[in-house]
Amino acid sequence: MGEHGWETLFRVRIPSTTASPLQWGKANVGPMPNAHQYSEGGAKTTLRLNYAFLPERENQNFSAEDANPSGGAMNGGEFDERLSCFISDLESLTPEDPLPESSLLDLEFLLPSSFSSAKSSSFSDDAAFPLWSHLAAAGLSPSSLLRPLSAAMDLPSSRTSLLAARVYLSLILTPSAPVLSLFSPLAFISLLSSLRQALKPLPSPPSPDRRRRRKQGRAPRGNQRVDDSPDVGDLLPIVLDLLDSVLSRIRLDSSLDGVKSLVDTVVAILSSSTTDQHRLSGVCFRILYSAVSRPEHGDQTAIAVDVLRSLARVVLSSPLKSALRTATISFIACKIAPLARENGEVRKALVYFPRYLASNAPERAEPRAATVDAILEVVRAFEKDEQIGFAEFVVKMAQGKWQLRLLAVDLILGLLTSLPDPLGVCETMESSSCWGVKCLKALLLRCSDSMGGVRARALTSMAQVIEYLSGDARNSARLQDGVAFGNAKFNELLRKRCSDEKAAVRKAALFLITKSTILMGRPIDELVLKTVGSSCMDPLVSIRKAAVSAISEVYRQFPDEGIISEWLHAVPRLTADNETSVQEECENLFLELVLDRISRASHVSISDTAKELESILPEGVLALLKGICDGEVLPCVRKICTSLGKKKKLKPSIAISLVNIISISESLCMRNCMSIERWTAPIGAWRLLSEVSLFTPKAVEWKFLLHHWKLLDKAKENKGGTLDGEEPSSISWARDRVSLLQTISNVSVLLPPVDASDLAADLLRQIDEFNMHLSEVDAHVKALRTLCKQKAVSPEEGDELIGKWVHQLLYGAQKILESYMSTLSETVKTDGFFTPPSGQMKGKDEVASSKSFSQAITAAFTIGSLVLIYPSADLHGIVPLLHTMITSGKPGSEKTKLASLTISVKEMAPSLYVHSWVTMGKICLVDDKLATRYMPLFVQELENSDCAALRNNILVMMVDFCVRYIPKITTTLRDPCEVVRRQTFILLSRLLQRDYVKWRGVLFLRFLLSLVDDSEKIRSLADYLFGNILKVKAPLLAYNSFIEAIFFLNGCNAYSGLSEASEKGSQLFTLSGKDEKARSQRMHIYVSLLKQMAPEHLLATSAKLCAEILAAASDGLLSIDDVTGQSVVQDCLHILACKEMRIQSSKGSDTAEMDDDGGDPAGSAGATVLAAKGRVVTHVAKKNLVQHAVPIFIELKRLLENKNSPLMGSLMDCLRVLLKDYKNEIDEILVADKQLQKELIYDMEKYEAAKAKSTVAEAMANAQQYQTFSSPANRVVSGSSVFAKLSEKLGSGGKIGSAVADAAARVTAKSVLREANQSMSMGRTRLPSKSMPRVRTSGDGRVSNAAGVQQANVLESLRRRKMFVSDDED
């Protein structure tokens, strides 16, 4: 077709769009088979004709036996008879008449066969096919066959038309056939029409009877019968094989419509669902290949365009994973592409094939991805220049409409990751001229696309390209040079995309940061880093996880101080996240990136040349320790360490490393000749050690702690305990002393008794001096209390020891405060009546006043600390003193008037005034009555005070009042008086509904007990609150608190999430115990909570029960030897087995039926969505059962068997209920424990049998109450009718049928025995012959004595025997 621009044949326009997904795998399709590989071996005729008429056999001679299709012996007379009959039939036809089927069969019979080995002497080896000579003798030309055969191929009967097509093609293939006379375009069109006719649905195969009747009918001429000819299904592949052979002997260039019709017909056969594609696809592809590859059929470019356009429709319309689609793509890549390399005409068409697919790609994600996969497989078969041309086309396509832009993004990803050397590192060209760099720049532009979906796909594709190419150093260099990753423009792009309005874009941007960190070779921009850190608080869980992953990857690659600080502020705080998986990820990352890094210092030793600690320790350790001490980070670190410690994930190497770091720091200080008083341990080392040592006490030696305690104590004495104007080192010493004391408290159990006693005496002495830094007071008091408790023989002795030194310290603090107040009064009095002292005397007075002022502040603060650890302390002298101090100088305060002057502590000593309020607040926390008296005073001071520190402290105290006293208020929910309980419930409910108080912690758990209150009114109120109000207001409350409620109600403190308040709660709020009442009450609460959960929450709760209770029990974390632990596990098993835990997939069916009745299409659609959601949840439930629950049950069963635990029965009952719906899959589910499998199957059968018996017994009892007054003669008959009705109502199959039969037999036997007893007692009524065995009688009709005795014995044995007892009753 010359230079016509073949892109117009494909109708390909340079688009304006982009594209999508990832690279798909290459179809695994082998090379196209040879002709003989597509024939079927089942039918002899098929194989004969498949090989009989190959072109290379044109010059072979044929015998009469070769013309016999059946392969049997045949003489020349029969051949001549068939030939003459055919010629006579041909002569008798009019020009419009088709050849009849009998003539077609005769002509088929005359055709040669290739499978006969014997040669008949009828024809010589040099003789030609005799049909042509006989036609010539009869005055008929070969063209006289065309019109009848064409008419036959046009017949509506598929079988006849295909038979005519087979004969026509076979004639063309015969030796010496006049091809020019036999072939015509019209006959070829008729041939193709017969093939399309065969695509109609095939008739069903005839029945054997019909086939038998056909065989009994009259046979046509000779030995050939009609039923021996193949049907349509067998003829179609034969005709296609013949057509493939004929295409090598004919020319189609004179008929352009013929070529187009051929292509359309063959593709229609390929796409038809009524044909056997496996049998026909090979020969169809061979025909298409012949049409394209042979120039005698016309313009090869035009034919290739028609073929490829038709195959493109097959690719776009076929199912995604169909064999036809795969075979079509493989045919183009493995057959047409190699042909195009040698044939420029075909190459012109093939080059535009992937562009045509791209222009017509579907918009949906999965079909679009499959289209991308097909395009890439074809492009991979191109030459390099053609691949570059297509890449440039994709770059232009990335500027089109949004659909094309989305497609272009996916194609760029596939091209860069599947084609060789995309960045041209093996060539000498500049990076800017390489097609891969152009694609990368186009992809980078799409990262700022106006469509959110395109931006997200572009960012994800860029991340995957970077990950793929950065493995090669040369590619990494080209990436940096060509695209300039890491410059200001790229950083600004990342920052904007991390804050994008679309969640998918934010997630993709974080993924790109994760992958590009390694490529850039330097930390990311500070603004981008802060943006990633803020993304850790994104509302979406997936974004938070992606942000955590991104910032953690940056930290792994570049652990400098700035990145460490940002990581510590972003990740550890997620330990308070609502999502459990995020909490676990946070803990695991903290363990990996913080604790494991620090633990590397456990084997570090100081070298002779080392001068700086930073050069000795692993990189980033000091920055980590310093960052941990941040006020925002430290609470999160404490929570993480506590959680990891309870999970036994804290290793002793962490504590050993911290000890080693402190020791090395001290050694370096002494080596550098620094004063030991000026040395401080690395910031954060003691703080982290105080948190870790609680769970690894054996890793910290007492010798090390004692040495540093003495060292810090000596430094304190040299520094002096000043409060104001302290040096930074003094604050560091105080902070380290606090952490050291906490560490000593953690390891106090392991301290030697003598050392512990000396340390306690030292602590008491230091507290009693009242000259410590305020931050040290609490640590000293808590450490002293811990030592007393740990070293006391009994808890009572420990409390007694604590009481003694608490009262001693309180007395000393009171004396100091009284002394200071007296001094203050004297000072005021002296200043009022005498002249002030001068010179040296004034300086001494100021020093003494400063020291007493410092002691007074420390004493006031110490009183508050002591009250909190010992609430029962005697405060009769202290409370009035504090009252005087906080009310001094105010109107109405008479106690402070001395010498007609009013002392105002607020004005004279403002710091002491603030600390007095704090101490009074701590006393009120432990004294309810005192708090009630002073609450108005606190509120007044909060409103009127001009001191910010005081307002802040009062605010904290009032919040503490709420936290402390709300749980105390809830204790009245268990008050003996019903009125008090009901009033408490109503008032707290109002506060909770108005959000004045939150449903958190112990409050919700204590409210649960109202569901089982003794009062019916309170129970109904609780049911309404939980079932209606909370279900709407807080739908996740029951789900989030369910596990904690199980532990709380059983009084078990082993749960890590149990709040401190609940652990210390009164036994009033537990329902612990194994008695039936407590168990039923707990189950009622559990069921009430389960009813509030959605199906997906039920599924999650089931998984949490298995993971947090059953798995903990099997791993030894939850002791089953403990009574409370056993109760928790037993409750868990009962919950899993209860019907409320069963996920109902048909939930919402009633609503669906109502919507259908009302004709509401929206409601019907909603019901459909609910049903689909239910099916998905049910499927996930089964998957969770198989993959997670069953392995846990198997491990738990082995543990319980080893301990002979009474929980085995509950475990087996739970498993039976869980696996009841999967009876047919038990073998697969319990493949790991065959014994458990057998036991469960047996238990299930026993349970079903017992259930069937109880069902039948209940139904029979209800039915028999209507026949109580029937006559004895009719009771058996009436009973039979009862069992007939039971069988009809309950069914007669399975366990129910067996139970009904057993019950009927039992009743019949009892009836027989009853009548027998009556007969024996009355002596005149005989048993019916059918009801009782016959007994031999004497000649006079009376029972003989011996026979009578035997009958009585038989009846007595029957009476005593328990009838119809089966194994199911055992």
Test item: [X] and [Y] side chains (from C-beta on) under 4.5 Å apart, heavy atoms:
X    : Y    : result
Y934 : I886 : yes
L625 : I683 : no
V749 : P697 : no
M920 : F938 : yes
V738 : W686 : no
K906 : M885 : no
L824 : F853 : no
L801 : K789 : no

| message | Would K922 and F861 count as a cation-pi pair here, with the cationic atom under 6.0 angstrom from the ring centre and within 45° of the axis? | response | yes
Distance from [X] atom [atom1] to [Y] atom [atom2], nearest 0.5 Å?
X    : Y    : atom1 : atom2 : value
L622 : I598 : CG    : CD1   : 9.5 Å
N746 : Q790 : CG    : CD    : 10.0 Å
L591 : I640 : CG    : CD1   : 10.0 Å

Between [X] (side chain only) and [Y] (backbone N and O only), is there a donor and an acceptor less than 3.5 Å apart?
X    : Y    : result
S599 : I654 : no
N953 : V918 : no
T823 : S819 : yes
N952 : A948 : no
H883 : V879 : no

| task | Show the numbers, then the answer: is there a side chain to side chain contact (heavy atoms under 4.5 Å, CB included) between L688 and C641? | result | CA-CA 9 Å; L688 185 58; C641 290; 4.3 Å; yes
| field | side chain to side chain donor-acceptor pair (under 3.5 Å) partners of T575, counting only residues at least two apart | value |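 Counting only residues at least two positions away or on another chain, T575 forms no side chain to side chain donor-acceptor pair (under 3.5 Å).
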| For residues 679-694, which residue pairs qualify under salt bridge (charged side-chain N to carboxylate O under 4.0 Å, His left out), counting only residues two or more places apart or in two chains? | R638-E691
| said: Between H708 and F704, is the ring centroid distance below 6.0 Å? | reply: yes
Scan side-chain atoms only and decide if [X] and [Y] contain a donor-acceptor pair under the 3.5 Å cut-off.
X    : Y    : result
D778 : S865 : yes
D762 : W709 : yes
H780 : R737 : yes
E701 : H707 : no

| field | Salt bridge E941-R951, side-chain N to carboxylate O under 4.0 Å | value | no
| Under the criterion side-chain contact (heavy atoms from CB on, under 4.5 Å), which of L881, T919, I816 is the partner of I863? |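 The passing option is T919.
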